[in-house]
There are 4 protein chains.
Amino acid sequence: MSTAARPESFTRTARRAQIVGCAIEVIAEVGYPQASIRKIADRVGIAMSAVLYHFGSKDNLVDAIVEHMYRSMLAIVVPAVDAESTAAGKLDAYIRSTIGYFRTHRVALVALTSTATSFQPGDGRRVEELGLSDELAEQLARLDPLAILQAGQRAGEFGEFPAESMAIALRGAVNAVVEKILRDPGYDARGYGEDLVEIFGRAVGGSR
Amino acid sequence: MSTAARPESFTRTARRAQIVGCAIEVIAEVGYPQASIRKIADRVGIAMSAVLYHFGSKDNLVDAIVEHMYRSMLAIVVPAVDAESTAAGKLDAYIRSTIGYFRTHRVALVALTSTATSFQPGDGRRVEELGLSDELAEQLARLDPLAILQAGQRAGEFGEFPAESMAIALRGAVNAVVEKILRDPGYDARGYGEDLVEIFGRAVGGSR
Amino acid sequence: MSTAARPESFTRTARRAQIVGCAIEVIAEVGYPQASIRKIADRVGIAMSAVLYHFGSKDNLVDAIVEHMYRSMLAIVVPAVDAESTAAGKLDAYIRSTIGYFRTHRVALVALTSTATSFQPGDGRRVEELGLSDELAEQLARLDPLAILQAGQRAGEFGEFPAESMAIALRGAVNAVVEKILRDPGYDARGYGEDLVEIFGRAVGGSR
Amino acid sequence: MSTAARPESFTRTARRAQIVGCAIEVIAEVGYPQASIRKIADRVGIAMSAVLYHFGSKDNLVDAIVEHMYRSMLAIVVPAVDAESTAAGKLDAYIRSTIGYFRTHRVALVALTSTATSFQPGDGRRVEELGLSDELAEQLARLDPLAILQAGQRAGEFGEFPAESMAIALRGAVNAVVEKILRDPGYDARGYGEDLVEIFGRAVGGSR
DNA sequence: GATGAATGAGTGTTCATTCAT
DNA sequence: CATGAATGAACACTCATTCAT
């Protein structure tokens with residue numbers, strides 16, 4: 001009677017996932033401000049009030065969406081970085097896996113971008129704090145390349161450079177591909193990734 | 001006859017500029033989706049319908065806003081780049097003046113960011129094409145560092161590297177400071193600019 | 001057969017009483033219009049649909065609430081009046097016991113007031129007719145002081161006065177304390193009751 | 001061009017008055033909770049959004065309604081009371097004019113009753129404080145018979161009695177006629193008023 | 001005996017736009 | 001040159017009710 005996973009939970013979870021998925025699609029297509037609950041419900045094929053039944057409010061739905069997108073990104077990048085043992089390996093893995101995620105998740109990307117810059121929550125919270133449980137926030141910190149750069153410098157693997165600025169530049173350079181991908185779906189993002197590996201591999205100097 | 005060539009009286013021009021200025025402020029404060037014509041008109045101190053009298057529609061107002069912001073950026077970056085004669089000088093000038101513009105135009109920056117990602121025009125046009133006369137588009141092309149990089153390579157000033165990828169990475173690294181500035185108004189953007197000059201100066205290799 | 005005469009199991013009756021009690025609390029706290037079935041169910045700790053399972057509709061629930069409150073009032077006032085043998089005694093008992101009920105049932109009072117003036121049943125019935133079985137209506141008639149006044153006049157206990165108007169005035173004066181109690185929980189309602197006994201004792205004139 | 005009464009003001013004021021009037025009718029008919037802005041607008045014959053254009057929110061509309069009703073009551077009762085010079089005269093005038101107002105303003109009465117007990121404003125304000133400018137609140141204080149009773153006692157016109165309780169009882173007795181009127185439109189409220197004049201005339205004792 | 005899922009009607013409110021003046 | 005009035009469409013959200021389980 002009280003097994004860990006109650007059967008009711010499945011229906012609930014599936015519907016929520018379905019709604020989140022459709023919401024991401026709709027946001028990607030028409031932009032967050034135009035992505036009304038009604039349009040999202042229409043895409044799922046249920047009544048608008050059913051969406052609110054499951055999430056209570058649009059803010060909560062956005063929470064779920066943001067969490068979903070962060071988790072899907074984490075699921076790709078973190079294992080890739082962890083699989084490497086050297087700082088240089090981790091750096092390359094960070095660049096390749098992040099851009100890989102961007103390549104394979106165009107829709108989610110558009111949605112996240114639009115949501116992040118348009119969303120204004122009812123309470124005073126920032127977008128970055130939405131739907132971020134402590135556990136999730138902790139994992140997200142691992143996506144910051146600054147840690148990798150500093151570890152590489154401490155280990156003597158990398159040369160000398162302003163680590164913080166380098167991290168910001170790196171993130172900017174990596175994220176810049178999003179805009180390119182969105183504008184030109186045929187863009188060779190993988191090639192850009194390899195170029196970045198080369199460029200930043202040299203910039204951090206180091207072993208060789 | 002009277003529509004095509006309007007006398008462009010002084011009052012008219014002044015009012016339009018005043019409205020655009022207030023609109024930028026309002027968008028920066030509450031975000032584009034919440035920036036209604038009424039709020040903008042309230043800030044100017046005129047009736048809501050007066051705004052539409054001057055611009056015809058909200059889309060046209062957005063056109064004017066985007067154009068205004070691009071022009072103000074051009075007015076700073078283009079002369080700075082043109083003042084230099086070498087490719088290396090132009091590259092440094094591009095980085096420093098762009099980041100300089102970001103530092104001194106926080107409000108416009110917030111507004112542009114919010115507008116760009118939230119705005120969905122009535123017709124099918126993209127945001128990037130809004131309010132861009134041919135003459136303006138031509139000038140904007142000069143903001144792309146790709147031209148500088150290629151010129152430097154042709155002149156033998158720079159070494160060998162994938163110019164297109166380098167340009168994208170550079171733009172991404174430069175633009176990354178916006179996010180930083182917006183989140184932390186006290187951030188040392190100028191220092192970051194100098195770091196970028198160093199990092200990318202090395203990356204393009206060359207003269208040294 | 002099974003609808004008309006339900007077994008009225010203990011569980012059933014207890015649950016209904018529990019729901020009515022919670023509904024009264026919720027109505028008193030947030031007002032009838034804001035007292036949704038969901039909020040009532042939340043307070044009981046059961047599902048919203050369980051409330052409807054027990055009462056069929058919100059109108060029926062209101063029926064039960066009104067009946068409950070009338071019965072609790074009858075249980076106090078009727079015995080007190082019946083315990084007196086003279087008209088003067090009954091009059092005093094009516095005043096004192098009614099105000100006594102008001103003093104000790106503030107929450108029920110707020111709820112009844114809010115419900116009575118806000119509720120608009122689906123069918124055309126008036127609020128006063130809700131949940132009033134014939135048997136209950138008959139008993140409620142005994143709460144009208146008019147009968148006491150007329151009996152007193154017939155018995156020569158009271159002097160001459162327009163009995164109907166005096167009854168209305170008396171009910172109004174007694175009920176007026178509700179407003180006072182609700183606004184100022186510390187109000188000395190008992191003292192007001194004694195003053196009323198004095199005032200109306202004189203007004204009906206009579207024996208002395 | 002700048003005469004005291006601008007012509008625009010007239011249209012505005014007339015529309016607002018029209019809306020308030022219709023709102024009172026609708027509230028009286030279906031009760032405050034069911035009196036939606038849409039129903040009110042339908043009765044006026046304008047779009048729902050036009051109501052909000054004039055009042056901004058439902059709360060503001062309620063403000064205007066309550067103020068309107070209080071003012072119409074003041075306009076009748078205050079002059080009547082002021083016209084008398086003795087406390088006894090003022091007391092009689094208070095009773096007669098208040099009941100007179102009730103007789104001639106049945107609809108407004110139902111509306112006020114329903115609104116007062118159902119309305120829960122967005123902010124924390126009480127119903128009694130809605131739409132009450134200081135000036136209005138000051139005038140409303142003059143509707144409390146307590147002042148008349150106390151003045152009469154000080155002047156030696158009235159005998160001895162608990163003035164506060166007598167005032168509450170008097171208000172209750174006067175207000176009780178509302179319920180009677182609403183239930184039975186043919187009820188002789190004027191006769192009830194005369195009875196009250198007699199009953200309370202004796203109760204305050206005094207001169208004769 | 002009770003529940004979770006879902007619904008459709010209805011709520012107050014915001015908005016860009018039109019139009020007579 | 002500018003305004004106030006008005007509108008209709010859209011929005012997020014609440015609610016009592018239904019129904020299969």
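What you are looking at is a predicted structure, and each value in this text was computed from that prediction instead of being measured. Residue numbering restarts at 1 for every chain, and letters A, B, ... go by the order of the sequence lines.
Contact check on E25(A) versus K39(A) returns no salt bridge, with no Lys/Arg side-chain nitrogen under 4.0 Å from an Asp/Glu carboxylate oxygen.
Between the C1' atom of dC11(F) and the CG atom of L52(A) lies a distance of 11 Å, rounded to the nearest Å. The distance from atom NZ of K58(D) to atom P of dT14(E) is 15 Å, rounded to the nearest whole Å. The distance between atom CZ of R16(D) and atom P of dG4(F), rounded to the nearest whole Å, is 15 Å. The distance between atom CG of D59(B) and atom P of dC15(E), rounded to the nearest whole Å, is 16 Å. When the C1' atom of dA2(E) is taken as reference, atom CD of Q18(C) falls 13 Å away, rounded to whole Å. Atom CZ in R38(D) sits roughly 13 Å away from atom P in dA10(F) (whole-Å rounding). Between M48(A) atom CE and dA10(F) atom C1' the separation is 10 Å, expressed in whole Å. Between the P atom of dA16(E) and the CD1 atom of I40(B) lies a distance of 8 Å, rounded to the nearest Å.
Nearest-nucleotide positions on DNA chain F place I46(B) closer to the 5' end than the other of I46(B) and G56(C). Residue-to-nucleotide proximity on DNA chain E shows that, of Y53(A) and K39(B), the 5′-proximal contact is made by Y53(A). The nearest heavy atom of DNA chain E to S36(D) and to A35(B) marks one nucleotide each, and the one closer to the 5' end goes with S36(D).
Note on I37(D): only backbone sugar-phosphate atoms sit closer than 4.0 angstrom, heavy atoms only; bases stay farther off. The residue A50(A) sits close to a base: some heavy atom pair falls under 4.0 Å. Across all strands, S49(D) comes closer than 4.0 Å to base atoms (heavy-atom distances).
Annotation: the span from E67(D) atom CD to S72(D) atom OG amounts to 11.0 Å, rounded to 0.5 Å. In this structure, CD1 on I19(D) lies 7.5 Å from CG on L61(D), to the nearest 0.5 angstrom. Taken to the nearest 0.5 Å, the CZ atom of F55(B) stands 9.5 Å off from the CD1 atom of I40(B).
Using a 4.5 Å heavy-atom threshold, the side chains of I65(C) and I27(C) count as touching. For the pair I46(D)/R15(D), a side-chain contact is recorded, criterion being any heavy-atom separation below 4.5 Å from C-beta on.
Remark: K58(D) qualifies as a cation-pi partner of Y32(D) under the 6.0 Å distance and 45° angle criteria applied to the six-membered ring.
Under 4.0 angstrom from either OP1 or OP2 of dA6(E) there lies at least one side-chain N or O belonging to H54(A). The phosphate of dG1(E) (OP1 or OP2) has a side-chain N or O of R12(C) nearer than 4.0 angstrom. Between R15(A) and dG4(E), a side-chain N or O to OP1/OP2 separation shorter than 4.0 Å is absent.
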Using Watson-Crick or G-U wobble pairs with both distances under 3.5 Å, give me DNA chain E in dot-bracket, 5' to 3', with [ ] for crossers and | for pairs to another strand. .||||||||||||||||||||

